[in-house]
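The structure under discussion appears below in the form of structure tokens.
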Number of protein chains: 2
Amino acid sequence: MTQAQAEDRGARSRDAILGTAGELMSRHGYAATSISMISAACGLPASSIYWHFGSKEGIYVAVLERARTALLAALPPVAVPGADVARRLDTFLQEVEDAYQRHPHGVKLLMGLSIVQQDASAAAVAQFHDYRDALVTWAQESVSAVFGLRDRPEVSDELARFTLRMASGAAVARWFDPDAALETGPLRVALLALAAHHGVPIPGTPCQAHHSPGATGRN
Amino acid sequence: MTQAQAEDRGARSRDAILGTAGELMSRHGYAATSISMISAACGLPASSIYWHFGSKEGIYVAVLERARTALLAALPPVAVPGADVARRLDTFLQEVEDAYQRHPHGVKLLMGLSIVQQDASAAAVAQFHDYRDALVTWAQESVSAVFGLRDRPEVSDELARFTLRMASGAAVARWFDPDAALETGPLRVALLALAAHHGVPIPGTPCQAHHSPGATGRN
DNA sequence: GTCTATAAATCGATAGAC
DNA sequence: GTCTATCGATTTATAGAC
């Protein structure tokens, strides 16, 4: 059927535009990414891009929406299985690190752009905040499940904020060095210490990571 | 003297341009900040801006250099006084938080721009990396002094990286919420735990922040 | 050093044939 | 849905009077 072929071609073009636009915007930022750059990179003329998305902000909104759903799908589910806290934390951090590795344009898209000021459309601002809110909510529910903090929301909020800021900082580091990792090792130690500091019981770890002087360390 | 007056006026104009350009670039990013915006904001015509800095990249280089020297001047000196580790850490974190509060455009300038790609001049790339290298060096030397890690550079590197990433993450959070703080409290707990995890002796803290169940926490 | 005026290129966006 | 061609605005940068 001719119409079905046309629709399929349209959908493929839309995806191609979205992919290259996301790539370029996450690397150069929103303002520095021009329509002609996107057009040259994906092969389609500028008018086709405008037919699909209407405006440059329309492209940004669609790119951000796709990045959000893709990232949330890559992140581990909230309910992490595991017997004790330490084991749940390990699998949780492992999956977060995987998502971090496989999803290079996470925070970059949120920052490198900064339409977020004055002359941004309501749809763009909304999409911008949706992205952030989704991450915050996911982090809070995840650490709450890992550490069993249903009845202590302030603690899970602090641990979630801590985790997200560490991930954001790693994303910033990746700005300079593309190979910068998330370093879940130190993050694990820090989260356990923070939980213990707030009196969260952690079975099997009487005093977090204790040190027998001269026997620990890696020197 | 007429020549001295002219020189003084020139220096004042240069400073005004640099100030407004830094403000605008840290808020909108490099690409989204136009010469006409700077001109309108500081009152001087575009040609004066070009007379002082030659090009848009020239403005960026100068803005970044000024931001770097200002931030390094605001950061606490490497040699932190104090009797024990805990006390040195407290004063250190307090001064870092002060610098963070008083210096709103720290990381933003490094990110919101992203000339850092392909078509950036060598001077811009060099200034960009100088800024980052200065921060990394300062952090390493500072935590080394605070925790007494002269003979364990791997540990001081990890603690420094951890601290910088936390600060970067807080800067990202400030992108969304201008009131976002650095939260040195959790950072303090985390750094002490990391040091203890690597076998760094911390006098007066046998087991970092230990918890007597039900007696600690803030609930 | 500062100004007005403007060149040359590129930007976002649109018209209309196919 | 995709293409060529183009409009109008804005951008970086410069020329030259003062």
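Just so you know, these numbers use all the heavy atoms, side chains as well, and skip hydrogens, waters and symmetry mates. Order of the sequence lines fixes the chain letters, A, B, ..., with proteins taken first and strands second; residue numbering starts at 1 for each chain.
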Hey, which of these two, B:Asp8 or B:Ala46, hits DNA chain C nearer its 5' end, going by closest nucleotide? B:Asp8

Provide, to the nearest angstrom, the distance between the CZ atom belonging to A:Phe53 and the P atom belonging to D:dT2. 11 Å

Closest listed nucleotide, where the reference is the side chain of A:Arg9 and the choices are D:dT11, C:dC3, D:dT2: D:dT2

Which atom pairs, donor and acceptor, lie under 3.5 Å between side-chain atoms of residues 12-19 of chain B and protein residues at least two apart or in another chain?
residue : atom : partner : partner atom : Å
B:Arg12 : NE   : B:Asp8  : OD2          : 3.3
B:Ser13 : OG   : B:Arg9  : O            : 3.1

Whole-Å distance between C:dA13 P and A:Met37 CE? 16 Å

Please state how far atom OH in B:Tyr30 lies from atom P in D:dT11, giving the value in whole angstrom units. 14 Å

side-chain contact (heavy atoms from CB on, under 4.5 Å) test vs B:Leu194 passes for just one of B:Val155, B:Val143, B:Leu159, namely B:Leu159

Between P of C:dG16 and CH2 of A:Trp51, the distance in whole Å: 19 Å

Give A:Thr33 one of three labels, base, sugar-phosphate or nothing, depending on what nucleic acid heavy atoms sit under 4.0 Å from its own. sugar-phosphate

From the options D:dA13, D:dC3, C:dT2, select the nucleotide whose nearest atom is closest to the side chain of B:Lys56. D:dA13

The side chain of A:Tyr50 is closest to which nucleotide in this list: D:dT12, C:dG12, D:dT2? C:dG12

Hey, would you say the A:Phe92 and A:Trp138 ring centroids sit under 6.0 Å apart? yes

Between C:dA13 (C1') and A:Ile59 (CD1): distance, integer Å: 11 Å

Report yes or no: do B:Arg68 and B:Gln127 form a side-chain donor-acceptor pair below 3.5 Å? yes

Is the A:Phe128 to B:Phe176 ring centre distance short of 6.0 Å? yes

Rounded interatomic separation in angstrom, taking CD1 from A:Ile38 and P from C:dA13: 11 Å

Nearest-neighbour nucleotide for the B:Ser34 side chain, C:dG12, C:dT2, D:dT12 considered: D:dT12

Determine to 10° how strongly the helix from C:dG1-D:dC18 to C:dC18-D:dG1 is bent, judged from the axes of its five-pair ends. 0°

Base, sugar-phosphate or nothing for A:Ser47? Non-hydrogen atoms, less than 4.0 Å. base

Could you state the atom-to-atom distance from CD1 of B:Ile17 to C1' of C:dT2 in whole Å? 10 Å

From the list D:dT12, C:dT2, D:dA13, which nucleotide is the closest neighbour of the side chain of B:Ser55? D:dA13

Just checking, any donor-acceptor pair under 3.5 angstrom between side chains of B:His198 and B:Glu154? no

Whole-Å distance separating the CD1 atom of A:Ile35 from the P atom of D:dA5: 20 Å

Taking the side chain of A:Ser13 as heavy atoms from C-beta outward, which of D:dT2, D:dT12, C:dT2 is closest to it? D:dT2

Could you tell me which residues satisfy salt bridge (charged side-chain N to carboxylate O under 4.0 Å, His left out) with B:Arg188, sequence neighbours excluded, listed by chain and number? B:Asp90

